[in-house]
Every structure is written in structure tokens, then in C-alpha cells.
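Quick caveat, the model's predicted, so the values are computed rather than measured.
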Amino acid sequence: MNAPPPSAFPAFDVSKSERTDALTIVGLTVSYRSRGRDREVLQDVSFRVKRGEAYGLVGESGCGKSTVAMAALRYLPRNGKVKAGRILIAGQDPNALDADALRTMRAKSISMVYQDPARALNPSLTVARQVSEAFEAAGATPREALERTVEMLRRVQIASPARVMDSYPHQLSGGMQQRVVIAMALASNPALLILDEPTTGLDATVEAEVLDLVAQLRAEFGTAVLFISHNLAVIGRMCERVGVLYAGKLVEEGTTRDVFARPRHPYTVGLLRCLPVTGRSKDTDRLDTIAGQLPLAGSVTQGCIYAARCRLADDRCRREAPPPYRVSAKHGDQMSRCHYHERAIDLPRNTGEQPDAGRSARSGAEKPVLVLRAEHVSKTFHIPGGTLRAVDDVSLELMKGETLGLVGESGSGKTTLARLLLGLVSPDAGSVIELDGAQLPARVTRRNDEQVKSLQIVFQNPDSALNRSHSVRRLIGRALSRLGALRGPAHDARLAALAAAVRLPDRYLGVRTRQLSGGLKQRVAIARAFAGDPRVVVCDEPTSALDVSVQAAILNLLADLQREHGVSYVFISHDLNVVRYLSDRIAVLYLGRLMEIGPASAVFDGPHHPYTEALVSSIPTLDSDGDAQRVRLSGELPSASAPPSGCVFHTRCPRKLGAICEQQDPPMHDAGDAHRIRCHIPVDELRLLQRGTAHSTT
């Protein structure tokens, strides 16, 4: 059935919007002046955010999500301008206001929370000064502002507001900094709150707490929320409606439940299929990917702007730009700019060759081969006034071709443990780290060439790991010269083979990394790590800053390289869905202690340590049903310089028994199948308790 043409649908009633909407955007077109011409980065974007509503805006980096926010705030850079369309915030057009009126609107009607709270806070001012300034900007006297600051910090669930007010931003955790920024944003009780990736980089538990806080405050204040994120699960949990941006155009819109349950644009289908979800693993399923790249900003495209990447596209799509087709869905109207929106859900998958189960499995005829062993590894840092135990008596093993996932909150010791394995920091006396049964020197500078190239790392941020002024060929070639000792034709052949292995087209070898996308930069970093045929690669948050489409391609690549080369990974991430997909075994760290270790399925499905239970319950899902099963932790992560006595987790544990937890270090219990849990509660009792919790919340 063909949908009626767009003219059959009523246009936005702006007069009605002025009365009922927190944000109305009609026909918004934004351009940037670059190299003597205007390049349109937003084209004819229209949507509404009603008062009290949460609206999600999703899409890959470069699609224009943040430009929408900047245009609404009238914060576009000097080379940016609104070419067409209208923006209304609580009935006011920011582009029609003079400087004083615009300042008043920003102070009282609209607020924004950015991705990185540390960059939004002034490091030289106390929290009290910064939050009180927000109240003063809204019209309060200095004394009233300080009084309201205390009240607001309590409302954003900061337990000790007096202590936090006297603190500087660097003295607070990332989650606490984000709470302070939210307090400042809500100081004026704005009609619209814009959240631009507010939980990217936060741990699963902290992310869940921040999202809980936003939902609670939204209900309390009646504030409308425009939530910008590439995390679709977060949008699924937080927002009633969602808009999908692609290359500056709104290609789909509707209620979140309708769009995520039955997407009607191939781009939305592709984004959802990129997600690693429960029941899928690297050994059984490759993640779906979206082929190709975003068109350059300002590209003039005939027909559908997504046609070049769409597996449904035909001559009609390349010839005619699709209108905004609208259909009635289960929970409201749904819009899609696709000629074949009824067929989008049946889009062919783009997974490539599925993994060979026989080659993937390490259990069975092939006996596991131990590659790396760490025994009683500890690391103590000496700080002013005392010591800080970052890693405390950790023992683990890594087999050939295996991925060991390291999970835990920031400050749990994951990265320090990885640096100890790599020899970047020296462990305490008595620590043992072995490669192929031979003890490794503590420092990388004392390791021989074979040991150095056997353990490599892929960092979270390729920008900080790659020299921006060097070409891709030089970066990979230098690693080959140092780690592979190759020269001449052998060097060139190996470089070409590495580029092919990480799916890096030849045309990128001559360019500098600053000209590459985030996904391509990470491929260069992976190629460099594999230059010496490593035995073990430490992956420290390698996909946390990437869009879901790029993330899927990188995860597929890592799995492919592991199958082809038998390399082992130590994989660190706060995205537990990613860890579950890629890992064979999981190690859970808390305050430097190993709380649980075992096969990925056993650790995630339970019985778990109570800390693991809280982590797993915090994983956001595409629907909001998971909130009922959340295990909420009280308090903040204690300092490793003054760890609690007994079980280090007892100060936050929802299943604390009593004095035994406060006074005695718990033993490691065997839960079967090489699954071990450090807890005073017996394994069988944990299993019953956690099953009971699951039943009571369903």
C-alpha cells in the first residue's frame, strides 16, 4: 500500500506550538561557509518536543545532531547560519531576539548538559561558586543562590552537599561532576533541557544513576528533554519519541517503541542491527554493519541521500528524493523518508561470512594452550600522606585465542592491571607475570624484542596514540621496522597485507590520520598493534567513542583477526554488551580486587557476585522494562588509599550479611566450570537470592 504524498499531511501549526511545545523546529536548514561556498549540514528538519516530553535524536557522528542543539541555542560558529526554517523555544524565536533578550532566554528557558562534564566546569572555581552563579544568572541574590545551591545538590542526590560545595571539579568523580552540571542546568527550571551525550564515558552503574536522576528530575520539574546520543539503548530507556538523522536529514521519526520495534527506514534498521545484544557472540554471529561512509557535509545528492549505502536502493531511489511518508503505528504516527518503508524491516543483512563454529570453539579436541599468567599481582602507588593500592593480589590466566574481558567501575584497577601486564608500570615485589611459562621482566625497557612485540595495546583514543602529522603508511611502516625488522619488498608486502587484514583501503595509506574518521583511525591503530604478530593484545576501551555502526565493524574485525592469527585479547570496556559479545571469560574487578572470574555466560547469567549483579542489572536495553530489575548501589566507590576493612565491597553491597562482611576478607568460592566468586554468601544461596529477585521484578 502506497502512502499518500507529503502534501496530504498537515503542516505544523505554529500557533499551537507556541502554546504547547517546549521546542518547535520547522524546516530548519543550516549551512557552514567553507572554502568560499555554503555547505548545508541540516536540510529541512522539522520536529517538536512537547512540554514535559523526552525526545531522542540519534545518528552517526557527522549527521548533524549537535548542530540542531547549537542552532536552537543560537550558538552556531561564525561560519554557520540558519538559511531557512524557524525555531521556537517555549514560544520564543531565538533568532529574532536581541542580545539582552537572548541572554535572558538562555538563562531562564533553556539549558544544556555536554558530554564531558570536566570541560563544562571551571577547574579554578569551587562547586559552590559555579552552581550559585547559575542561580544568580536566573535572578537570585548571592545569599539566595547559595541556599538554593545546597537544596539543588541534594535534589541531584549528592549526599554531602557541604563537602562537595567546597570541592574543586578535579576532586570529584565523573558521575559526581555530571550531577553538578545537571544541578547547574536545572537552576533556572528551564522549559527545555538539552543533553548531548551526557553518559558517554561513564561506567554502567554511574550511567544508570545519572539516567535515573534525569528521569526523576524531569518528572519533578516538568522539563522537556532533547536527548542526543549514539547509544540507542539509552534512548530506548529515556525517551518517548525518537528522530533519526542521516547526513543532515530527518529520515525517520515516531514513538520510540514503534521505531525500535518496527523501523521503517533502512538506516534505522542498520543502526539497530549493529548492536551486540544478549544471545549473540563472536563465535556464532557476526554483527551487522552499514557499508560505506557518510556523504561529505554539503554534498548535493540527487534522489535519496542514503541510496549509496542502502541495500534496497534502485533507480527510483537514485532519481527521486523520497517524501516524508507517514503511517499509523501501534503507539502513534510514524514517519519515514523511504520509498520502500514497508520493506525496510526485511532489509538483507550485511554480516559477511559467518564464523566457522568448528574453528571458533576452543573446547573439544584442541587442548587449551596457556599464553599469559599473572599470579598474586599487586601495585601500590605512594602518594602524599600514604599509599594507594591500585591492584591487590590478582591472579588470572589467558589462553591462546581467548578473550578475557575486564570489567568494573572507574577506579577498579582495570587499566593499571593492563599496564602491569604490558610492563608500563612495575608491580610490587612477589608479583609474577609469565609469557609462555617464562617470567617477564617487570619493565618493558628490560624485555627483549620478542617479548615486546608479543604484548601490544590498542588505546581508547586513536588520536592520542597516532601522530597526526604522519601518513598511515609511515605509522604502520615504522611499527613494522621496529617490531618485524622488515626491509625492502618484504616490508612493503607485509604493510599491504596488514592494511588488507584490517580492511583499510589502499587509498588511505598516503593520507595523514587527521584526515581519517574515528573508525579508520582505530583500524590504523589495530594494524600497528599487529605489526609484530603479537601473542596478546590489550584493548583498552577501543570502541567507546565510536558510533554503533563503526563499533560493529571494529568488533567484527577483532574477532576475525583472532580466528585467523590465534591472538589473545585482554578487553577492557564499560559497555557490558560489547564485553559479553566479544569475551570468552570475564574478570570483575572492584577496588583492585578480583571479585569474580569465569566463562562469560556463567558470569552474566549467574549466580553472580553482588557487585556483578549490580553491573549486569545496569545494562541499558532498547525497552525500559529492565529498570524494574535494577540493583542500585548506595554511595560512591571508596578510595583505594583507604579501602574498607573485610570485604572491600561491604560499604555498598545490597546483600551484606553483617559483621562478617565488615571484618573478614571473603574466600573465593567455586561455582563450577572454572567460575569463581569472592563472597561470604555461599554460591547456592546467591543463586536462590538472585533468582528470587528476578522473579519478584517480573
Side-chain angles (χ1 to χ4, degrees), residues 175 202-212 233 237 277-279 405-414 573-581 583 585-621 624-638 644 646-658 660-662 665-698:
L202 299 182
D203 305 311
T205 52
V206 179
E207 175 186 73
E209 290 167 3
V210 169
L211 295 179
D212 281 347
R237 176 183 164 187
V277 294
T278 302
L406 289 185
V407 301
E409 295 167 288
S410 295
S412 62
K414 306 185 299 296
S573 180
H574 66 263
D575 188 331
L576 300 184
N577 282 319
V578 168
V579 173
R580 183 171 194 163
Y581 174 79
S583 300
R585 291 191 302 128
I586 306 287
V588 183
L589 293 176
Y590 181 82
L591 221 62
R593 295 283 278 167
L594 185 64
M595 310 306 286
E596 182 168 3
I597 188 168
S601 58
V603 171
F604 273 91
D605 296 338
H608 341 262
H609 187 280
Y611 179 55
T612 311
E613 182 185 9
L615 291 177
V616 172
S617 74
S618 299
I619 301 174
T621 58
S624 59
D625 295 340
D627 285 352
Q629 300 182 22
R630 277 276 314 285
V631 176
R632 290 168 170 79
L633 300 180
S634 59
E636 294 240 327
L637 188 76
C647 175
V648 292
F649 185 58
H650 84 259
T651 57
R652 303 172 72 198
C653 183
R655 302 197 183 279
K656 177 181 171 183
L657 297 176
I660 188 173
C661 298
E662 299 173 0
D665 187 22
M668 270 285 195
H669 290 301
D670 186 355
D673 191 24
H675 181 197
R676 295 178 294 143
I677 302 173
R678 186 188 300 277
C679 187
H680 287 297
I681 304 173
V683 170
D684 289 341
E685 190 173 338
L686 279 174
R687 184 179 287 111
L688 290 173
L689 285 169
Q690 289 161 359
R691 282 179 180 172
T693 300
H695 290 160
S696 67
T697 56
T698 56

Completion exercise
What one should report as the nearest heavy-atom pair of Thr205 and Ala614 is CG2-O, 4.3 Å
Exercise for the section: Determine, for Arg655 against Glu685, whether the closest basic-nitrogen to carboxylate-oxygen distance falls under 4.0 angstrom. Expected result: no
Handout entry: Considering all heavy atoms, the nearest Leu615-Ala204 contact
Key = O-CB, 4.4 Å
Problem - Heavy-atom check, side chain of Pro638 versus side chain of Tyr590, under 4.5 Å - result: yes
Practice task
Indicate the atoms forming the closest heavy-atom contact of Ala233 with Pro620, along with that distance.
Solution key: CB-O, 3.5 Å
Problem - Heavy-atom closest contact (His608 atom, Ile677 atom, distance) - result: C-CD1, 4.1 Å
Fill in the blank from the handout: Here the side-chain hydrogen bond (donor to acceptor under 3.5 Å, both in side chains) pairs for residues 665-679, sequence neighbours left out, are Arg593-Asp665, Glu596-His675
Completion exercise
Taken in chain and number order and not counting sequence neighbours, the residues that satisfy ring-ring contact (aromatic ring centres under 6.0 Å, His included) with Tyr581 are none
Completion exercise
For Asp575, the side chain to side chain contact (heavy atoms under 4.5 Å, CB included) test, sequence neighbours excluded, returns Gln551, Ser573, Asn577, Val578
Problem - Distance, nearest 0.5 Å, that separates CD1 of Ile619 from CZ of Arg237 - result: 12.5 Å
Practice task
Only counting residues at least two apart or in another chain, list the ones meeting side chain to side chain contact (heavy atoms under 4.5 Å, CB included) with Asp684.
Solution key: Arg687
Problem - Partner residues of Leu657 under the side chain to side chain contact (heavy atoms under 4.5 Å, CB included) criterion, sequence neighbours left out - result: Ile660, Cys661, His680, Ile681
Problem - Within-4.5 Å side-chain heavy-atom neighbours: Ile597 and Arg585 - result: yes
Practice task
Considering non-hydrogen atoms only, spot the tightest contact between Ile586 and Ala600 and give its length.
Solution key: CG1-CA, 3.7 Å
Problem - Non-neighbouring partners of Ser412 that pass side chain to side chain contact (heavy atoms under 4.5 Å, CB included), sequence neighbours left out - result: Lys414, Leu589
Fill in the blank from the handout: What one should report as the nearest heavy-atom pair of Met595 and Cys647 is CE-SG, 4.3 Å
Fill in the blank from the handout: With sequence neighbours left out, the residues meeting ring-ring contact (aromatic ring centres under 6.0 Å, His included) with His609 are Phe649
Handout entry: Steps toward side-chain contact (heavy atoms from CB on, under 4.5 Å) verdict (Asp212, Arg632)
Key = CA-CA 10 Å; Asp212 281 347; Arg632 290 168 170 79; 3.3 Å; yes
Practice task
Start with the C-alpha distance between Gln690 and Leu686, add both sets of side-chain angles, then the distance that settles side-chain contact (heavy atoms from CB on, under 4.5 Å), and finish with yes or no.
Solution key: CA-CA 6 Å; Gln690 289 161 359; Leu686 279 174; 3.9 Å; yes
Problem - Contact check, side chains of Thr612 and Val603, non-hydrogen atoms, under 4.5 Å - result: yes
Exercise for the section: Working to the nearest 0.5 Å, report the span between CG of Leu406 and NE2 of His574. Expected result: 15.0 Å
Completion exercise
salt bridge (Lys or Arg N to Asp or Glu O under 4.0 Å) filter on Glu662, not counting sequence neighbours, yields Lys656
